[in-house]
Amino acid sequence: MALVEIRDVYKKFGHVEVLKGVSLDVAEGEIVTIIGRSGSGKSTLLRCINALETIEGGEIRVEGRQIHAKMPDLRQFRQRVGIVFQAFNLFPHLNVERNVTLAPLLTGGIGKAEARALAEDVLTRVGLADKIDAWPEQLSGGQQQRVAIARCLAMKPHLMLFDEVTSALDPELVGEVLKVMEAMARQGMTMILVTHEMGFARNVANRIVFMHQGRVWEEGPPAELFAHPKTPELKSFIASVK
Ligand SMILES: Nc1ncnc2c1ncn2[C@@H]1O[C@H](COP(=O)(O)OP(=O)(O)O)[C@@H](O)[C@H]1O
Ligand SMILES: [Mg+2]
């Protein structure tokens, strides 16, 4: 069974149709990379999967349950689906431990006594166990983004969504964040990620989805998709990112 089922999803902002009948299944443990030009609807699709946007048509199911912004247990649902954005959004007035454990403490997922151990665990997974008492401003952009990933992991998500998480980073910091994501992929996390890192897409993704003008234009395994693009739109996109 697919962990995520997206069926014929339509989304408008005002009169502008941004998603025009998107369908996509993601199996448990699968790594799906979404590529495409700016404005093709990639971020909107991720936000719909996390119920941050309402949709006008179609349906989205996660673990078999239909997702919508008015579901009664929206909070609990969001804990199962982690989302990391381009901007890291750490709380500047909280140290790393507090940033990472704030949500599970607030939702009652853990008590104060367990918070430290949880922070140590998830920070170890992103290679930052030694920064547990640091403040966000003392960290590089790459480290901050890894803390943001750790913060999601602290909620024990079943699915992770990443929206261009390395795009705002200096080039020398991109690799450390990609490495963390690669490790998560190896450990079996189901991930849907929007990225411009074509090397990562080729090497780590099981499947690549090329979005164009609000539609899934082409999809397939990386080797096949990059070597044999079927549409002129994908051909020209690949040429533009080389
Ligand atoms: N909150 C919003 N209000 C109005 N238009 C939006 C909003 N979010 C996105 N859009 C528009 O939807 C289209 C797709 O945007 P987006 O999903 O961000 O694309 P991508 O992530 O592929 O660059 C763009 O034309 C964008 O301007
Ligand atoms: Mg985007």
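Note that the numbering runs from 1 along the sequence shown for the chain. Every number for a ligand or one of its atoms is a count from 1 in the order of the listing. Note that this is a predicted model, so its numbers are computed, not measured.
Judged by the 6.0 Å and 45° rule, Lys11 forms a cation-pi pair with Phe13.
Nearest approach of Asn99 to Leu94, heavy atoms of both residues: ND2-O, 2.8 Å.
At a 3.5 angstrom cut-off on N or O pairs, Ser40 counts as close to ligand 1. Between Phe13 and ligand 1, a contact under 3.5 Å exists for no N or O pair. Backbone and side-chain nitrogen or oxygen atoms of Val18 are examined, and none is located within less than 3.5 angstrom of a nitrogen or oxygen of ligand 1.
Note on Ser43: counted as a metal contact of the Mg ion (ligand 2), an N/O/S atom lying under 2.8 Å.
Heavy atoms from other residues, nucleotides or ligands lying under 6.0 Å from CD of Glu137 number 12 at most. Residue Arg75 places its CZ atom among 12 or fewer non-hydrogen atoms of other residues, nucleotides or ligands, all under 6.0 Å distant. Counting non-hydrogen atoms of neighbouring residues, nucleotides and ligands closer than 6.0 angstrom, the CD atom of Glu56 exceeds 12 such neighbours. The environment of CZ in Arg78 is crowded: more than 12 heavy-atom neighbours from other residues, nucleotides or ligands sit within 6.0 Å.
When each atom of ligand 1 is checked for a heavy atom of Arg37 under 4.0 Å away, the hits are 22 (O). In the vicinity of Ser38, heavy-atom distances shorter than 4.0 Å reach the ligand 1 atoms 23 (O).
Ranking protein heavy atoms by distance to atom 20 (P) of ligand 1, first place goes to Gly39 N, 3.4 Å. Of the protein's non-hydrogen atoms, Lys42 NZ, 2.8 Å is the one closest to atom 22 (O) of ligand 1. The shortest contact between atom 18 (O) of ligand 1 and any protein heavy atom is with Ser43 CB, 3.7 Å. Atom 15 (O) of ligand 1 has its closest protein heavy atom at Thr44 OG1, 3.9 Å. Considering only non-hydrogen protein atoms, atom 19 (O) of ligand 1 sits nearest to Gly41 N, 3.3 Å.
Ring pair Phe91/His93 is perpendicular by interplanar angle, where above 60° counts as perpendicular and below 30° as parallel.
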Step by step, work out the salt bridge (Lys or Arg N to Asp or Glu O under 4.0 Å) result for Arg116 and Asp133.
CA-CA 10 Å; Arg116 182 87 183 172; Asp133 296 314; 2.9 Å; yes
Residues 169-183, side-chain donor-acceptor partners within the protein, below 3.5 Å, at least two apart:
residue, atom, partner, partner atom, Å
Glu176, OE2, Gln143, N, 3.4
Glu176, OE2, Arg146, NH1, 2.5

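The proximity of Met211 to ligand 1, defined as any non-hydrogen pair under 4.0 Å, does not occur for either the backbone or the side chain.
At a distance under 4.0 Å, a protein heavy atom can be found next to atom 7 (C) of ligand 1.
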